[in-house]
Amino acid sequence: MLAYLNGKYIPRSTATISVEDRGFVFGDGVYEVWRAVNGRLFEIDRHLARLAFGLSELRIDMPDPLTRESTEQIADRLLRESALTDGEATFYVEITRGAAPRAHQFPPAGTPPTVYATVNRLVPPEALRARGASAITIPDIRWLRCDIKTIQLLPNVWAKQAAIETGAIDALMIRDGVVTEGSHANVIGVLDGTIRTHPTNHLILPGITRAIILDMARGFGIPVSEEPIAERDIGRLDELFLAGTTTDVMPIVRVNDQPVAGGVPGPITLRLLNAFRAHLDASCAAAHASP
Ligand code: PDD
């Protein structure tokens with residue numbers, strides 16, 4: 001696998017950063033993950049906009065801003081030279097405040113950020129998707145800026161690990177009695193025929209998959225309410241699923257060992273899952289047609 005580090009393309013196994021990198025020392029950075037199908041990135045601009053928002057909130061100045069062209073160039077080369085232009089892959093970009101002697105305040109102006117990018121094969125779990133997965137619930141102990149995609153992910157790591165240890169795929173995080181999101185995906189449910197999901201505020205990441213799915217649902221004439229799902233309502237949901245770049249739509253059919261929606265993926269979930277898959281393939285194919 002090839003990596004991009006501060007302007008250079010090198011084998012990932014030889015890529016190194018300073019032990020004083022603020023990403024390593026403080027988790028002082030942001031990241032993005034794009035989906036790639038047959039060598040083409042899905043939703044380049046929306047992910048770039050979220051990355052730019054995170055950089056601006058953290059006040060990290062990029063000497064050369066990542067443009068659509070430069071991002072595509074980096075992704076193209078990484079995907080090509082890592083033999084990932086066929087089928088599914090992810091493109092990961094991380095930017096930290098750079099390397100400087102350890103001190104909590106920002107380093108001197110002009111300290112160059114660290115820019116790292118790499119690609120990985122993605123194997124979508126189709127069999128699990130078809131039968132539906134289980135989830136657990138866990139308290140959401142994260143900070144109050146979950147809208148920024150920072151690399152500080154320890155509560156998310158704990159949540160996912162707790163899920164895996166009980167044989168579940170993910171943990172639904174609960175804050176003040178409502179479901180916020182999963183460890184690396186948004187959570188969307190159907191209650192009394194209406195799609196319900198947490199509104200985009202400082203308590204969740206504004207997921208790009210979430211936004212696309214909600215638009216599709218509205219297009220299908222399904223009512224959508226950006227009102228969070230109460231923890232006490234989980235047991236009476238008609239349907240439940242996760243939505244994210246590496247997750248697509250993943251039906252959740254059990255929560256804390258209790259069946260949701262009869263224990264099988266529901267019709268709205270399946271309709272959105274299929275529509276999303278078709279849209280993902282079509283938009284990456286269209287990017288091929290007009291390079
Ligand atoms: N995660 N919520 C959280 C906490 C996330 O980390 C993610 C994405 C999402 C879904 O956002 P999107 O649809 O834009 O991918 C929601 C990435 C994929 C990850 O950490 O691997």
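Every number for a ligand or one of its atoms is a count from 1 in the order of the listing. We're numbering straight along the sequence, starting at 1. From a predicted model like this one, the values you see are computed outputs, not experimental measurements.
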*Taking the six-membered ring of Phe106, is the NZ or CZ of Arg97 close enough (under 6.0 Å from the centre) and on axis enough (within 45°)?*
yes
*Knowing that exactly one of Leu270, Ile268, Asn274 qualifies, which makes a side-chain contact (heavy atoms from CB on, under 4.5 Å) with Leu272?*
Ile268
*Got an N/O contact under 3.5 Å between Asn156 and ligand 1?*
no
_Evaluate Thr245 for polar contact with ligand 1, using N/O atom pairs at a separation under 3.5 Å._
yes
_Enumerated ligand 1 atoms positioned under 4.0 Å from heavy atoms of Asn186_ = 10 (C), 16 (C)
*Looking at Gly207, which atoms of ligand 1 are within less than 4.0 Å of one of its heavy atoms?*
11 (O), 12 (P), 13 (O), 14 (O)
*Where Pro265 and Ala130 come nearest, the two heavy atoms and their spacing*: CG-O, 3.4 Å
*Can you find a side-chain donor-acceptor pair between Glu69 and Gln73 that sits under 3.5 Å?*
no
*Ignoring angles and geometry beyond distance, decide whether His47 reaches within less than 3.5 Å of ligand 1 through its nitrogen or oxygen atoms.*
no
*May I ask you to decide whether Glu88 forms a salt bridge with Arg35, counting only side-chain N to carboxylate O separations under 4.0 Å?*
yes
*Any non-hydrogen atom of Arg35 lying under 4.0 Å from ligand 1?*
no
_Donor + acceptor pair across side chains of Ser183, Asp170 (<3.5 Å)_ = yes
*Please say whether Ile208 places an N or O atom under 3.5 Å from an N or O atom belonging to ligand 1.*
yes
*Answer with side chain, backbone, both or neither: which part of Ala185 has a heavy atom less than 4.0 angstrom from an atom of ligand 1?*
backbone
_Residue and atom name of the nearest protein heavy atom (relative to atom 21 (O) of ligand 1), distance in Å to one decimal_ = Val33 CG2, 3.8 Å
*So which heavy atom in the protein is nearest atom 13 (O) of ligand 1, and how far is it from that ligand atom?*
Thr209 OG1, 2.6 Å
*Anything under 30° is parallel, anything over 60° is perpendicular, the rest tilted; go ahead and classify Phe26 against His104.*
tilted
_Below 4.0 Å from ligand 1: does a non-hydrogen atom of Arg50 turn up there or not?_
yes
*Just go through Lys149, Arg210, Glu43 and tell me whose heavy atom is the nearest to atom 1 (N) of ligand 1.*
Lys149
*Roughly how far, to the nearest 0.5 Å, is CE of Met250 from OG1 of Thr209?*
13.0 Å
*Heavy-atom contacts with Glu181 under 4.0 Å: which atoms of ligand 1 show up? List them by number with element.*
2 (N), 3 (C), 4 (C), 16 (C)
*Side chains of Asp28 and Thr96: donor-acceptor distance under 3.5 Å anywhere?*
no
*Phe42 and His279 aromatic ring geometry - parallel, tilted or perpendicular at 30°/60° bounds*: perpendicular
*So is Tyr31 close enough to ligand 1, meaning a heavy atom under 4.0 angstrom away?*
yes
*For atom 18 (C) of ligand 1, grab the closest protein heavy atom and report residue, atom and distance to one decimal in Å.*
Thr246 OG1, 3.8 Å
*Does Ser183 come within less than 4.0 Å of ligand 1, judged by its heavy atoms?*
yes
